[in-house]
Amino acid sequence: MTKELLVTKQNGFMNDCDTETATKPLLVMKFGGTSVGGPIPIARTTSIIERYTREGNSLVVVASAIKGVTDSLVGIGKCIQDGKRLELELGLEDIFYRHLDVANNLNLSHPLKTSLNTRIEELFFELYQYASELRGLTSEKSDRILSYGERLSIRIVQAKLLSRGLVAETVDATEIIETDDNFGQASPDIEKTARYARDLLLPMVTDGVIPIVTGFIGSTRYRKTTTLGRGGSDYTASILGKVLDADEVWIWTDVDGVYSADPRKEPNAQFIPELSQVRAHQMAMAGARVLYPKTIEPLMGTGIDLWVKNTFNPDAAGTRVYYKTDSK
Ligand code: ASP
Ligand code: MG
């Protein structure tokens with residue numbers, strides 16, 4: 001697979017009349033929980049996707065669950081563990097209405113809104129049936145429950161993209177990221193993931209469709225849902241960047257990039273415009289909040305740059321994480 005894809009359509013947009021042949025850079029863009037945290041952030045996120053698509057890039061989008069939803073799903077797991085049926089029902093209802101509330105405030109056309117609401121109801125019903133069996137919590141059951149945050153959020157992002165005239169398809173990462181069975185902290189099988197991800201995503205991209213992939217989750221060879229660890233959507237993006245041989249991976253978050261300390265707590269924190277993969281990996285492993293610790297690993301030694309950018313200040317330069325050879 002070459003780095004640049006041969007794209008025979010104007011990528012990502014409906015009503016293409018003329019076909020053009022062009023090579024386009026492939027960017028994997030991941031949007032975190034705050035970037036999909038409500039109607040306004042979702043409007044920003046989708047305008048960023050639209051902008052970079054219009055500027056002539058092919059995009060693969062990875063989305064996290066809506067901010068706070070994974071924590072609430074952890075709470076659902078706790079109710080199952082403790083056999084608390086009433087709290088479980090209330091918790092599930094709250095998660096359901098949080099999604100419906102976002103969906104109903106996206107300014108969608110009636111048909112789009114109706115089909116999104118139906119999809120949310122279906123997914124929610126599945127979650128409800130699974131969670132209300134109670135009977136104890138295993139790490140396997142917990143992962144399946146946690147996966148619904150991303151399963152729900154990608155549908156919402158897709159609907160908003162469709163309403164802007166873009167062509168987007170949802171992709172459940174359980175179809176493309178194969179992991180071991182270390183539930184809660186699963187590791188990907190890169191070779192198999194490369195095969196599945198290329199087979200499913202590259203034809204979409206070539207056809208001018210923007211795949212919207214669930215962050216955070218994968219599945220075992222026996223198709224049991226796994227999670228990559230809390231905050232793991234960044235890792236999903238870098239895994240996909242690696243296996244698709246993307247040009248760049250962009251992590252969209254709610255700060256301007258990487259700082260020497262948490263800028264919200266430490267007013268003297270210094271912005272870092274560029275850092276090597278080794279340094280970024282060290283910082284993430286040492287607890288820098290901005291990147292999931294394993295994010296850099298799949299990209300180590302590749303020429304694939306990773307950028308950390310701010311959804312709420314998209315014109316800020318962001319931080320570039322790059323591969324530096326010893327000789328440089
Ligand atoms: N939704 C997951 C979490 O909250 C993954 C992520 O946000 O990256 O941990
Ligand atoms: Mg994060």
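Read the numbers this way: they start at 1 and go in the same order the structure lists the ligands and their atoms. Position 1 is the first residue of the sequence; numbering continues from there.
Within the 4.0 Å heavy-atom shell around ligand 1 one finds G232.
Using the six-membered ring where Trp is involved, F31 and W252 have ring planes that are parallel, under 30° apart on the 30 and 60° scheme.
In the vicinity of S64, heavy-atom distances shorter than 4.0 Å reach the ligand 1 atoms 6 (C), 7 (O), 8 (O). In the vicinity of G231, heavy-atom distances shorter than 4.0 Å reach the ligand 1 atoms 3 (C), 5 (C), 6 (C), 8 (O), 9 (O). Applying the 4.0 Å criterion to heavy atoms of T70 picks out, from ligand 1, the atoms 1 (N), 2 (C), 3 (C), 4 (O). Residue E150 has at least one heavy-atom neighbour below 4.0 Å for each of these atoms of ligand 1: 1 (N), 2 (C), 5 (C). When each atom of ligand 1 is checked for a heavy atom of R230 under 4.0 Å away, the hits are 3 (C), 4 (O), 9 (O).
With hydrogens and angles left out, the side-chain atoms of Y235 and E297 include no donor and acceptor closer than 3.5 Å. In the model, S147 has no side-chain atom that pairs as donor or acceptor with a side-chain atom of T225 under 3.5 Å.
In this structure, D143 contributes its side chain and F183 its backbone to no donor-acceptor pair below 3.5 Å. Although no hydrogens or angles enter the test, the distance criterion places no donor-acceptor pair under 3.5 Å between the side chain of T34 and the main chain of G37.
A cation-pi arrangement is found for K141 relative to Y130, the charged atom lying closer than 6.0 Å to the ring centre and inside a 45° cone about the ring normal.
Checking S147, G229, S233 against atom 6 (C) of ligand 1, the nearest heavy atom belongs to S233.
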